[in-house]
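All values below were derived from every heavy atom in this structure, side-chain atoms included, with hydrogens, water molecules and symmetry-related copies excluded. Residue numbers begin at 1 in each chain, while the letters A, B, ... track the order of the sequences.
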There are 2 protein chains.
Amino acid sequence: MNTFTEENYLKAIYHLSTQHDSVSTNQIAASLNTRAASVTDMLKKLADKRLINYERYQGVTLSPQGEKVALSIVRKHRLWEYFLVEKLNFKWDEVHEVAEELEHISSRDLVDRLDEFMGHPKFDPHGDPIPDKNGHFKANELKPVSSLSVNTTGIISGVREHSPAFLQYLEKIKLVIGKEIKVCEINSYDHSITLLLEDEMLYISRDVANNLLITL
Amino acid sequence: MNTFTEENYLKAIYHLSTQHDSVSTNQIAASLNTRAASVTDMLKKLADKRLINYERYQGVTLSPQGEKVALSIVRKHRLWEYFLVEKLNFKWDEVHEVAEELEHISSRDLVDRLDEFMGHPKFDPHGDPIPDKNGHFKANELKPVSSLSVNTTGIISGVREHSPAFLQYLEKIKLVIGKEIKVCEINSYDHSITLLLEDEMLYISRDVANNLLITL
DNA sequence: TTAAAAATTTAGATTAGTCTAAAAATAATA
DNA sequence: TATTATTTTTAGACTAATCTAAATTTTTAA
């Protein structure tokens with residue numbers, strides 16, 4: 001078994017790996033709010049346990065075993081988020097912190113039964129895919145709203161940023177998962193976008209458009 | 001906030017306090033599978049935080065603040081056990097270990113919503129009372145089967161021992177919560193008991209009778 | 001009521017995870 | 001390509017929780 005801390009490092013490396021081939025010490029330190037020196041210490045430990053591929057100064061990748069552990073944490077995190085929203089009526093901006101704790105509960109049986117109880121959901125409340133018990137999931141083909149051209153439509157299906165502030169903002173302007181949008185105008189100066197959402201015009205910044213994901 | 005370990009010490013002291021006025025270092029060490037020296041260190045720390053009343057060599061009691069923390073852990077533990085059995089179909093002998101982890105999830109909101117979701121249950125799957133959000137609960141008047149005299153009846157309502165081995169044994173002989181029993185004969189040599197359970201005669205040892213609780 | 005036994009505490013180490021400050025390696029650029 | 005800047009690692013220290021072994025206090029019982 002791995003410690004709570006080791007699990008958090010593996011999860012951080014996993015998430016950073018989806019954006020970069022190899023993950024650097026500083027990237028990990030930033031994402032875990034810790035210092036580079038602490039990261040180096042932990043990387044040595046994880047390498048000793050064969051959970052990562054690590055050579056000094058060369059960055060790090062997950063080993064197959066490390067990826068397996070990371071995926072099980074991600075699975076637990078997303079299943080718990082689904083549970084909190086669907087069964088306990090949490091809002092989608094309230095679940096992340098709690099799921100950060102719940103994801104470390106070790107019982108394999110628990111998470112599988114929870115999955116069963118909820119009918120094997122495929123996506124969490126933010127549109128992220130939930131890996132199955134073998135770590136498999138179909139990566140959904142999500143594109144940021146900012147990549148759309150004028151007059152195309154799409155369905156809001158996920159977010160790239162999970163901060164409560166962002167999620168609450170989306171909630172407030174009713175830009176939530178499942179809604180259909182149409183791009184009406186793209187401002188070429190600041191890349192802000194005017195959308196059509198349920199017969200209403202809506203103006204969003206480039207930043208929001210970048211972090212909001214749709215399926216076509 | 002208190003650490004995971006501090007919470008476990010407070011919980012252990014709480015449980016031991018229900019049986020003894022003042023709790024000794026060795027009792028705590030035994031119940032936590034640790035050494036007396038480690039317990040002394042922790043007692044100093046808990047006393048500094050005003051969670052316990054402690055004087056060297058004199059044993060320990062919970063302060064009001066300490067009892068509040070302990071009760072919140074007990075509440076979480078028992079609510080999670082109820083959830084696991086009622087919603088996720090765990091057996092009553094499988095839930096203790098998992099609940100030992102879940103009881104340390106800190107979100108107050110989570111446990112209150114869970115309570116709500118399950119309809120504010122009053123007793124966990126082993127018949128132990130679940131404190132409400134203010135730490136209040138009515139201590140049920142349970143007596144061990146071993147205290148009954150011949151020809152009296154009672155309803156199985158709880159257990160005093162939570163080991164999987166004991167619970168599985170009860171399950172096997174169908175002596176589970178809710179069933180009515182009648183004491184037919186008490187063996188004066190070894191205090192074993194012959195019971196009537198649903199028209200069948202059943203023989204149990206003194207030890208089992210001591211750890212099985214009934215309401216009249 | 002004193003000597004032996006038991007319980008408890010202290011002293012001194014150890015491990016996991018973290019930190020700061022300094023050294024070493026890599027990357028960037030003049 | 002030589003020098004500067006950045007990144008990463010090492011060295012050494014700290015805290016929380018634990019341990020063993022020795023010392024101290026309390027309890028028991030002769």
Please state how far atom [atom1] in [X] lies from atom [atom2] in [N], giving the value in whole angstrom units.
| X | N | atom1 | atom2 | value |
| --- | --- | --- | --- | --- |
| A/Asp41 | D/dG12 | CG | C1' | 11 Å |
| B/Asn2 | D/dA16 | CG | P | 13 Å |
| B/Glu55 | D/dT25 | CD | C1' | 14 Å |
| B/Gln27 | C/dA6 | CD | P | 17 Å |
| A/Met42 | D/dT8 | CE | P | 17 Å |

Below 4.0 angstrom from OP1 or OP2 of [N], is there any side-chain N or O of [X]?
| X | N | answer |
| --- | --- | --- |
| A/Lys44 | D/dT9 | no |
| A/Thr34 | C/dC19 | yes |
| B/Tyr54 | C/dT9 | yes |
| B/Tyr9 | D/dA16 | no |
| A/Thr5 | C/dA16 | no |
| A/Asn26 | D/dT8 | yes |
| B/Thr25 | C/dT9 | yes |
| A/Arg35 | C/dT20 | yes |
| B/Thr40 | C/dT9 | yes |

Charged N to carboxylate O below 4.0 Å: is that the case for A/Glu100 and A/Lys11? yes
Taking everything shown except [X] itself, do over 12 heavy atoms lie less than 6.0 Å from its [atom1]?
| X | atom1 | value |
| --- | --- | --- |
| A/Lys133 | NZ | no |
| B/Glu171 | CD | yes |
| A/Lys91 | NZ | no |

Cation-pi, B/Phe117 ring and B/Lys87 (6.0 angstrom, 45 degrees): yes
Distance under 6.0 Å and angle within 45° of ring axis: A/Arg113 vs B/Phe90: yes
Under 6.0 Å between ring centres: does that hold for B/His96 and B/His77? yes
Produce the list of close N/O pairs, under 3.5 Å, pairing protein atoms with atoms of nucleotides 24-26 of chain C; give distances to one decimal.
from   : atom 1 : to      : atom 2 : distance (Å)
C/dA25 : O4'    : A/Tyr57 : OH     : 3.4

